[in-house]
Amino acid sequence: LKRLIRNISILTIFLFVLGGILIPKMYGDRIKKNISNNLTSSIKSDVKFEKLKFSIFDHFPYASVSCQNLIVSESNKFSSDTLIFAKNAFVKFNLIEIFSNNFKLQNIKIEKAQVYIKYNNDNDKNFDILSENKETKKTLSFKKISFQNTNLNYKNKNLNINFKANIETINLNSLKGLKQNMKLDFESFFHDFSYNNKKYIQNKNLIFNGDIKTISDNFEILRAEIKLEGIKSDIALKLSANKHLNFTFKSSNQKIKNVINNTPEFLKEIFTSFTADGEISFNGKVNGDISLGNPNLEIDYKLDEVNFK
C-alpha cells in the first residue's frame with residue numbers, strides 16, 4: 001500500500017510538472033493575447049506594459065499572467081499624466097478558464113506601484129477610465145484588487161483634501177450581490193493628510209478595515225475600524241455629491257497621552273497649560289455642509305482615573 005501511494009504521488013507530481021510545461025506552450029500565447037486585448041479594450045486611457053508572462057506555478061492553485069512596468073494613464077479630462085505605474089502586476093484566474101476564451105480579469109495583484117488619484121474642481125476623477133468592451137459588451141469589473149508597497153498621492157481640488165501615504169498592503173474586495181459595495185483594508189504610513197490647507201495627520205501609521213460604498217459621486221464608509229498609532233476607533237461616514245458630510249465615531253478606553261500626542265499640530269496649543277494621564281472614552285458626530293466651512297461637531301466623553309497637572 002505504501003508503494004502504491006508513493007507511485008501515485010510520483011505520478012501526480014510528474015503530471016503536474018508536465019502540465020506546467022505543456023499548457024503554457026499550448027495555450028500561453030492565446031491566453032496572453034486574450035487578456036491583453038481584454039485589458040486594453042476595456043480601458044479608455046493608454047495602457048503600456050512589458051514582458052507578458054503566463055504561468056500555472058507562480059500563484060498556484062491559480063493560473064496567472066504577469067507583466068512588468070505597467071503604466072496606465074489617467075482620464076483624458078485631465079492632462080494624461082500617469083494614473084498607475086507598477087513594477088509588477090499579476091492577473092489570476094481559475095485553471096479551468098485556460099481551456100476557454102472566457103478569461104475574467106477579476107483578481108489583480110499590483111506590486112511596487114505609484115498611484116496618483118485626482119479630482120478637479122468639477123469633481124471629475126482621473127481614474128474614470130473604464131469603458132464597455134466592444135466585443136463582450138461588458139464593463140471591466142473586479143472581485144479583488146491587491147496592492148503591495150505602493151506610494152499613493154491623492155489630490156481633491158473639489159473638497160480641498162490632499163494626502164500622501166505609503167501603503168504596505170491594501171485589499172479591495174467587491175461584496176457578493178452588492179455591485180458598488182466593497183470591503184477595504186490597508187496598512188499604511190501617512191506622510192501628511194490636509195483639509196482646507198490644515199494638516200491633520202503627519203508621519204503616522206494608519207490601519208483601516210471596513211466596508212465602503214460608492215454610487216455616482218456619493219461616498220460612504222458603511223462601517224470601519226481604524227487604528228491611528230494604536231488609537232482604535234469605530235467610524236462611519238457619508239459624503240454626498242453636494243458636499244454634505246455625516247460622520248460618526250466612537251472610541252473606548254484610550255490612553256489620554258496617546259490622544260494628545262496624535263492631535264493635529266495646529267490644535268496642540270490646547271494642551272500646553274497642563275499634562276494629563278489616564279483613559280478617555282468618547283463618541284460623537286460631525287454633520288453639515290463642508291463647503292460652508294466647519295460643520296457641526298457634537299461629542300460626549302468619559303474620563304477614567306485621570307491625573308491633571
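Judged purely by atom type and a 3.5 angstrom limit, Q254 uses its side chain to pair as donor or acceptor with the backbone of S252. Judged by distance alone, the side chain of N120 and the main-chain N or O of D124 form a donor-acceptor pair under 3.5 Å. With K118 contributing its side chain and N153 its backbone, the two residues share no donor-acceptor pair below 3.5 Å. Under a 3.5 Å cut-off, the side chain of N126 and the backbone N or O of Y116 do form a donor-acceptor pair. Judged by distance alone, the side chain of E168 and the main-chain N or O of Q148 form no donor-acceptor pair under 3.5 Å. No side-chain donor-acceptor contact under 3.5 Å links T150 to the backbone of I167.
Annotation: K250, atom NZ; neighbour count of heavy atoms from other residues, nucleotides and ligands within 6.0 Å does not exceed 12. Open room surrounds OH on Y301; 12 or fewer heavy atoms of other groups in view lie less than 6.0 Å from it.
The ring-ring contact (aromatic ring centres under 6.0 Å, His included) analysis of residues 231-258, with sequence neighbours excluded, yields the pairs F247-F249.
Ring centroids of F208 and F186 are separated by less than 6.0 Å, placing the two rings close together.
When hydrophobic residues (I, L, V, M, F, W, Y) are linked wherever their side-chain heavy atoms come within less than 4.5 Å, the members clustered with I71 are F85.
Note on ring orientation: taking the six-membered ring where Trp is involved, the planes of Y154 and F163 are parallel (angle under 30°, cut-offs 30° and 60°). Using cut-offs of 30° and 60° for the angle between ring planes, the F127 and Y119 rings count as perpendicular.
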Distance-only donor-acceptor pairs under 3.5 Å for side chains of residues 276-289, two or more places apart:
| residue | atom | partner | partner atom | Å |
| --- | --- | --- | --- | --- |
| S281 | OG | N253 | N | 2.8 |
| D289 | OD1 | S291 | N | 2.9 |
| D289 | OD1 | S291 | OG | 2.5 |
| D289 | OD2 | S291 | OG | 3.3 |

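Looking at heavy atoms from C-beta onward, Q68 lies out of side-chain contact with K87 at the 4.5 angstrom threshold.
With sequence neighbours excluded, the residues that form a ring pair (Phe, Tyr, Trp, His ring centres under 6.0 Å) with F189 are H191. Checked against side-chain hydrogen bond (donor to acceptor under 3.5 Å, both in side chains), N166 has the following partners two or more places apart in sequence or in another chain: N151. Scored by the side-chain hydrogen bond (donor to acceptor under 3.5 Å, both in side chains) test, N171 finds S146, D185 as partners (sequence neighbours excluded).
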